[in-house]
2 protein chains.
Amino acid sequence: MAVGRIKANISKERILSEAEALFAERGFYAVTVREITRAARCNLAAVNYHFGNKQNLYMEVFRCLWKPRAERVLARFEKLLEAQGERTLQGIVRAIAEAFIKGPLSGEERLRHAQMMIREMARPTEAFEMVIGDVIGPFQQKLVELIRPFMAREMGRVALLLHIQSIISMVTHFNFARNPVMRITGMKYDDQFTDELVEHVVKFSLNGLSGAGEGGPS
Amino acid sequence: MAVGRIKANISKERILSEAEALFAERGFYAVTVREITRAARCNLAAVNYHFGNKQNLYMEVFRCLWKPRAERVLARFEKLLEAQGERTLQGIVRAIAEAFIKGPLSGEERLRHAQMMIREMARPTEAFEMVIGDVIGPFQQKLVELIRPFMAREMGRVALLLHIQSIISMVTHFNFARNPVMRITGMKYDDQFTDELVEHVVKFSLNGLSGAGEGGPS
DNA sequence: GTCTATAGCAGGATAGAC
DNA sequence: GTCTATCCTGCTATAGAC
């Protein structure tokens, strides 16, 4: 455990973290190794020393940072669900919305996480297989089983998945498309607004537009 | 109207079209001018001759292809709305879902269109201002006024916008995130599945999960 | 308007000293 | 494990012939 070794690990982790921030913000090709190492305050050659090449660094970001973080979010979801007594549809939806929109991540981290995922969906790389196969796919299957008892008996697996994905799409939209959301609504992403978003997603998911029209003419 | 001029215009338009396809698929930095001109079957220098530089070509893609296409989608929305007799909430939502998910665009075009938009939301460039200010912002404002009569009287503008964006987020998800949607549901984007998607979005938007549980135990 | 040829530069990657 | 120096490739952009 010489000083050199400790410094190496710290340096390696700084590279991973800075690389993720930059990849999330601008994408793989727009980011240069020079930028990453400058941000990580280490030498240009460090990326190749620690990760072999730029591509592999990208993959390691998913393996070492993205996946564990996704697991933290899912663990939070489980915890929120356990904390509720009786299992209800509202409780399930609320746990999803809270875990993703508020969840265990900082605002910065959450945005970064969503952006990395969206990039993989837009243009799959090797990381896609891991993201879908290990994390998102199994999670959605689990959600299907959770909501199935509350839905029409004859509803098939695909229809159930469309319901799940509709909820997820809202959560993702409000996490990811912050620029247009802020621009159009005029709101800032502070605690009050994220609370409002959670409430909105829960209500909309349960009742759609009809749940919001109780006081209206319709 | 010499042959040269006709050929020039065709060449310019081929560049625009191929550039959009490549930018949509892989993003600005991942695409090279060499690739674009190769795809457009013209010379490397043609991009600089017609558009000055690569950045400007990107902007022209939005001005000359993206915006007119967005206007075609919105025109289709208007037409679908007009074709309905009495104005209903379901009619409005159905018009949104059909215009975007089925709409006037080919499958390829729709995906490309959504991807360009998402890229601007993730990382705004100069095109963002046009996309939000001229197209998406005004459209969402119009939708707010359309649904307002059907909603609770005290509902504010921001809350109305959140409802609109929830619908749009689903539509965008099912257009844009085709890779994970296909991977997880196992479905292909054929006519039958897009019909199913429209029906799903309409039902979910109107009633959320509760609308789907009519035959269930809850 | 289209082409070839090339300037000029930035990028990823590596060799080798420390 | 970290650094400097450097190779080499591939990029955008332009000059100038046709």
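Please read these numbers as outputs of a predicted model, since none were measured by experiment. First the proteins, then the strands, lettered A, B, ... as listed; each starts at 1.
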Atom pairs under 3.5 Å, N or O on each side, protein against nucleotides 11-18 of chain C: can you list them with distances?
residue: C/dG12; atom: OP1; partner: A/Val33; partner atom: N; Å: 3.2
residue: C/dG12; atom: OP1; partner: A/Lys54; partner atom: NZ; Å: 3.1
residue: C/dG12; atom: OP2; partner: A/Val33; partner atom: N; Å: 2.8
residue: C/dG12; atom: N7; partner: A/Arg34; partner atom: NH1; Å: 2.8
residue: C/dG12; atom: O6; partner: A/Arg34; partner atom: NH2; Å: 3.2
residue: C/dA13; atom: OP2; partner: A/Lys54; partner atom: N; Å: 3.0

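- Partners of A/Glu25 by side-chain hydrogen bond (donor to acceptor under 3.5 Å, both in side chains), not counting sequence neighbours, listed by chain and number: B/Arg123.
- The distance from atom NE2 of B/His50 to atom P of D/dA13 is 15 Å, rounded to the nearest whole Å.
- Taking atom CD1 of A/Ile15 as the reference point, atom C1' of D/dT2 lies 11 Å away to the nearest angstrom.
- Applying the side-chain hydrogen bond (donor to acceptor under 3.5 Å, both in side chains) test to B/Asn56 and every residue at least two apart in sequence or in another chain returns nothing.
- Legend: salt bridge (Lys or Arg N to Asp or Glu O under 4.0 Å) pairs involving residues 27-45 of chain A, not counting sequence neighbours, sorted by first then second residue: A/Arg26-A/Glu35.
- Applying the side-chain hydrogen bond (donor to acceptor under 3.5 Å, both in side chains) criterion to B/Lys67, with sequence neighbours excluded, gives B/Asp134.
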Could you give the side-chain donor-acceptor pairs of residues 91-105 of chain B under 3.5 Å, partners two or more places apart or in another chain?
residue: B/Arg94; atom: NH1; partner: B/Glu199; partner atom: OE2; Å: 2.8
residue: B/Arg94; atom: NH2; partner: B/Glu199; partner atom: OE1; Å: 3.3
residue: B/Lys102; atom: NZ; partner: B/Asp195; partner atom: OD1; Å: 2.4

